[in-house]
Each structure stands twice: as C-alpha cells, then as structure tokens.
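Structure, as structure tokens:
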Amino acid sequence: MNSKAAITGVYGYVPDYILTNAELEKMVDTSDEWITSRTGIKERHILKGEGLGTSHMAAKAVEGLLAKTGTEPAEIELLICATTTPDYVFPSTANLICDMTGIRAVGSFDIQAACSGFLYALTIGSQFIETGKYKKVVVVGADKMSAIVDYTDRTTCVLFGDGAGAVLLEPTTEDNGIIDSIIRSDGSGQNHLVQKAGGSRYPPTHETIDKRWHYVYQDGPSVFKFAVKNMADVSAEIMERNHLKGSDVAWLVPHQANKRIIEATANRMGLGMDRVMLNIHKYGNTTAATIPLCLFDYESQLNKGDNLILAAFGGGFTWGAIYLKWAI
Ligand SMILES: CC(C)(COP(=O)(O)OP(=O)(O)OC[C@H]1O[C@@H](n2cnc3c(N)ncnc32)[C@H](O)[C@@H]1OP(=O)(O)O)[C@@H](O)C(=O)NCCC(=O)NCCS
C-alpha cells in the first residue's frame, strides 16, 4: 500500500512589533471601525530590523518545528518555501532557510502562488512522500508583506502583515494524512492583484519607483468577487468528490484575507463559524503563512482523525483546497 503524507508537526512565528488599527489611523485616512467591519482585522505583526527578510521568520518557524518534533536538521530531505516576498530574486529563500537552520545539501526551492502558495507547496511536498522518494519534508509558508506594502495606500496597507509557519511531512499508512488536493490558476486575473515592477517585465528604475509600481496593487472589489466565488466553489468541490457533508468536517482552515470571504465559504460548506479557524484579527493577511499559522494556533483543539478542509485564494489568480485527516 502506498503511503500518504501526514503533517506530523507544525510551528509558527510572527515578529514582535504589532501594528494596530489605531496606529494606522495616524498614517492614512482610515478608522478602526472601517477596518474591523470590512475585513475583521484588528492588528498585524511587522518585521523590523535592518537586513531582515522573509528567511528570518521562516528560519525561526523551521527551528521551532525541528525542536518540537525532535528532528535533527540532517534528517530533512527536502525543504519547500512558499513566498511572494523572497529575500532576493535569487538565490531562493528556501536555500537561505536551509543555511540558517543547518539543513545541508538537500533539495530546496521556492514556490510562488501568492496567497495560495502554502496549498501549492503542501501539494508538491506531499507527492515526494507519496511516491516514497522522501520520508521527511519541510514545507514553510512565509511572507514579509510589509516590504511591498505602500503605507500611504489605505486600500491595501490595512490588510497585510508578516509571519511564517512550517509543517513537517512524513509518510503514514494509517487512515490519516493528506487525502485530496485541488490547485487552480487563472492568469487573466493578473492585473487585479500585482506588484508591477521589480521582475523582468519592468525591472526597477527611478520611473517605476516614482510610479510606486514596486508596491502591491489591488483592485479590492474585483478580487473580493473572484475570491468569494472560487474559495467557496473549490471547498464545495473537494467536499463533494470526497463524499463529505458539512457535519463531517471538523474544521475549515481558510486563507485569512477577509473575514467576509471566510464567512461566505463556511456558509457554502454548511459550517458554523465555531468550526472555522480564524486569526485574521491578530495577524491580518500574511499571504503564504496564514494557513500554517492557523494550524499552529488551533493545534490544541485538533484531534487525531479530524477532517480538515484547507482553502485559499490569491493573486494570479490562484486558488485551491486540500482535504486531510489530522494525524497527530
Ligand atoms: C479591500 C477590501 C477590504 C475593500 O472592501 P470593500 O468593501 O470592497 O470596499 P471598497 O474597496 O468598495 O471601498 C469602499 C469605500 O471605502 C474606501 N476605503 C478603502 N479602504 C479604506 C480604508 N482602509 N479605510 C477607510 N476607507 C477605505 C474606498 O475608498 C471606498 O470609498 P468610496 O466609496 O468613497 O469610493 C475588499 O475589497 C477585499 O477584501 N478584497 C479582497 C481582498 C483579498 O481577498 N485579497 C486577496 C489577497 S489573497
């Protein structure tokens, strides 16, 4: 019998500095009332410090994961990092994380699928376990969104925060682990949520900086409509094809972009909000880190065998869902 891949450990890290709605009120024309009612966000953590990038937070999450699971760096056979805010265009942030955590001479690479990045990375990582190629794979989702957010643009700066979360994947022959996965994309959504400059199409110039093209641009309402439909549809689809009713699902683990999008998804799945992991009020949207940070925050409430649906939506557009049975 082929093994399935199971999450056998989870760890999260957010930086110390807390950016509150009250502080944002002093920076842009916004209010705690607007941010809370439209998004559900109260505060977010921001990484401060010269020369610290996404790898700093990701390495903290991976170090915590190795310590918690009693795993030596030398046992790890592959590390995948999902991020949209890599330290550099190259080398990859995954390479840097391995260097910082003592994981030597193994395959490591980044995967970029914006807010769906962790679902994509988990799907990829699980294949290496299922085929029998590797026995210990680390998947980390990490983003320093504060590096690309324009703190003069009230339509985006209230939404995002920084953080990292990591999981260990190992084989299991029990009736637990990752059972099904759907990943999707539609590049025709590229102009609605984009960092226009800094890549090969518009390398950074004085002009791109003046136009503020190195920051996140988002057409919020268009993204909102697409997100509500696709996150709900893909969650319903993965339930249907695995013959799951709402009452079979212990937890929805949604990407944390907007509380209203999460509520619409839960509603479509027939779940009350008491079975939805929610930490958007504390962290905002940490892009690839939202789902592992949810698992880390809610771990004490999870039981072995619980049916979890992970669902995400993000720039690209990208979206997807994973059905897993909690294995620890
Ligand atoms: C960004 C978002 C919260 C905006 O909420 P919304 O209800 O769509 O609000 P709108 O963008 O229509 O703006 C409504 C009004 O609030 C204003 N507004 C926008 N941001 C504001 C802020 N931070 N504070 C106060 N007012 C704000 C707008 O300018 C607009 O004013 P107008 O009516 O005078 O033009 C919402 O569109 C959203 O969550 N989008 C999807 C985000 C997402 O999922 N991204 C995916 C990343 S993974």
Side-chain angles (χ1 to χ4, degrees), residues 19-44 82-85 111-121 141-146 148-163 165 183-187 189-195 215-235 253-266 276 278-281 283-294 310-321:
L19 175 60
T20 62
N21 288 352
E23 194 178 343
L24 282 164
E25 283 176 354
K26 295 184 202 134
M27 296 160 65
V28 289
D29 180 14
T30 191
S31 66
D32 174 49
E33 197 282 323
W34 192 96
I35 302 170
T36 307
S37 63
R38 297 291 179 116
T39 71
I41 302 167
K42 289 302 238 183
E43 54 192 38
R44 58 300 278 145
T83 186
T84 300
T85 51
I111 133 103
Q112 204 285 92
C115 294
S116 310
F118 185 76
L119 286 192
Y120 271 63
D143 271 296
K144 183 186 170 188
M145 293 306 290
S146 63
I148 58 167
V149 162
D150 182 352
Y151 286 96
T152 66
D153 175 7
R154 70 174 183 175
T155 68
T156 51
C157 74
V158 302
L159 302 174
F160 295 99
D162 301 338
I183 50 173
R184 299 253 160 82
S185 68
D186 178 357
Q190 62 188 282
N191 295 324
H192 297 300
L193 183 48
V194 59
Q195 181 188 353
Y215 289 126
V216 173
Y217 166 80
Q218 176 172 251
D219 167 8
S222 298
V223 177
F224 187 90
K225 275 185 220 135
F226 209 90
V228 163
K229 179 170 183 343
N230 286 288
M231 216 163 103
D233 280 358
V234 78
S235 305
V253 193
H255 172 55
Q256 311 277 308
N258 186 313
K259 195 174 170 207
R260 290 182 291 148
I261 298 172
I262 295 170
E263 285 164 352
T265 304
V276 177
L278 208 61
N279 57 17
I280 190 170
H281 52 289
Y283 307 138
N285 181 351
T286 56
T287 303
T290 58
I291 288 178
L293 278 174
C294 273
L310 284 45
F313 176 86
F317 294 128
T318 54
W319 66 102

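Whatever order the structure lists ligands and atoms in, that order sets their numbers, starting from 1. When reading the values below, keep in mind they use all heavy atoms of this one structure, side chains included, and skip hydrogens, waters and symmetry mates. Note that the structure is predicted; figures quoted are calculated from it, not measured.
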For atom 46 (C) of ligand 1, which candidate among L159, V223, I262, T39 holds the nearest heavy atom? V223
Check T290, T265, T287, T286 against H255 for a side chain to side chain donor-acceptor pair (under 3.5 Å) and give me the one that passes. T290
At the 4.0 Å heavy-atom cut-off, does I35 count as touching ligand 1? no
Interatomic spacing from CZ in R44 to CG in L24 - rounded to 0.5 Å: 4.5 Å
Please determine, by modelled atom types, if T20 and E43 share a side-chain donor-acceptor pair under 3.5 angstrom. no
If you have a sec, work out which protein heavy atom is nearest atom 42 (C) of ligand 1 and how many Å separate them, to one decimal? Q218 OE1, 3.6 Å
Atom 7 (O) of ligand 1: closest protein heavy atom, distance to 0.1 Å, is R38 NH1, 2.6 Å
protein heavy-atom neighbour closest to atom 17 (C) of ligand 1 works out as R154 NH2, 3.6 Å
To check your reading of the model: name the closest protein heavy atom to atom 4 (C) of ligand 1, its residue, and the distance in Å. W34 CH2, 3.9 Å
In I41, V158, N21, the residue satisfying side-chain contact (heavy atoms from CB on, under 4.5 Å) with T36 is N21
Note: I261, heavy atoms under 4.0 Å from ligand 1, region reported as side chain
side-chain contact (heavy atoms from CB on, under 4.5 Å) between K42 and D32, intermediate numbers included: CA-CA 7 Å; K42 289 302 238 183; D32 174 49; 3.2 Å; yes
Among non-hydrogen protein atoms, atom 2 (C) of ligand 1 lies closest to N258 ND2, 4.5 Å
Looking only at distances, please establish whether an N/O atom of ligand 1 is found under 3.5 Å from an N/O atom of C115. no
Rounded to the nearest 0.5 Å, how far does CZ of F226 lie from CG of L193? 11.5 Å
May I ask which of S31, P221, G314, G220 has a heavy atom nearer to atom 10 (P) of ligand 1 than the others do? P221
Hey, is L193 touching ligand 1 through its side chain, its backbone, both or neither, going by heavy atoms under 4.0 Å? side chain
Side chain, backbone, both or neither: which part of T30 comes within less than 4.0 Å of ligand 1 when only heavy atoms are counted? both
For atom 5 (O) of ligand 1, the protein heavy atom that lies nearest, with its residue and separation: R260 NH2, 3.6 Å
List ligand 1 atoms under 4.0 Å from T155, heavy atoms only on the residue side. 19 (C), 20 (N)
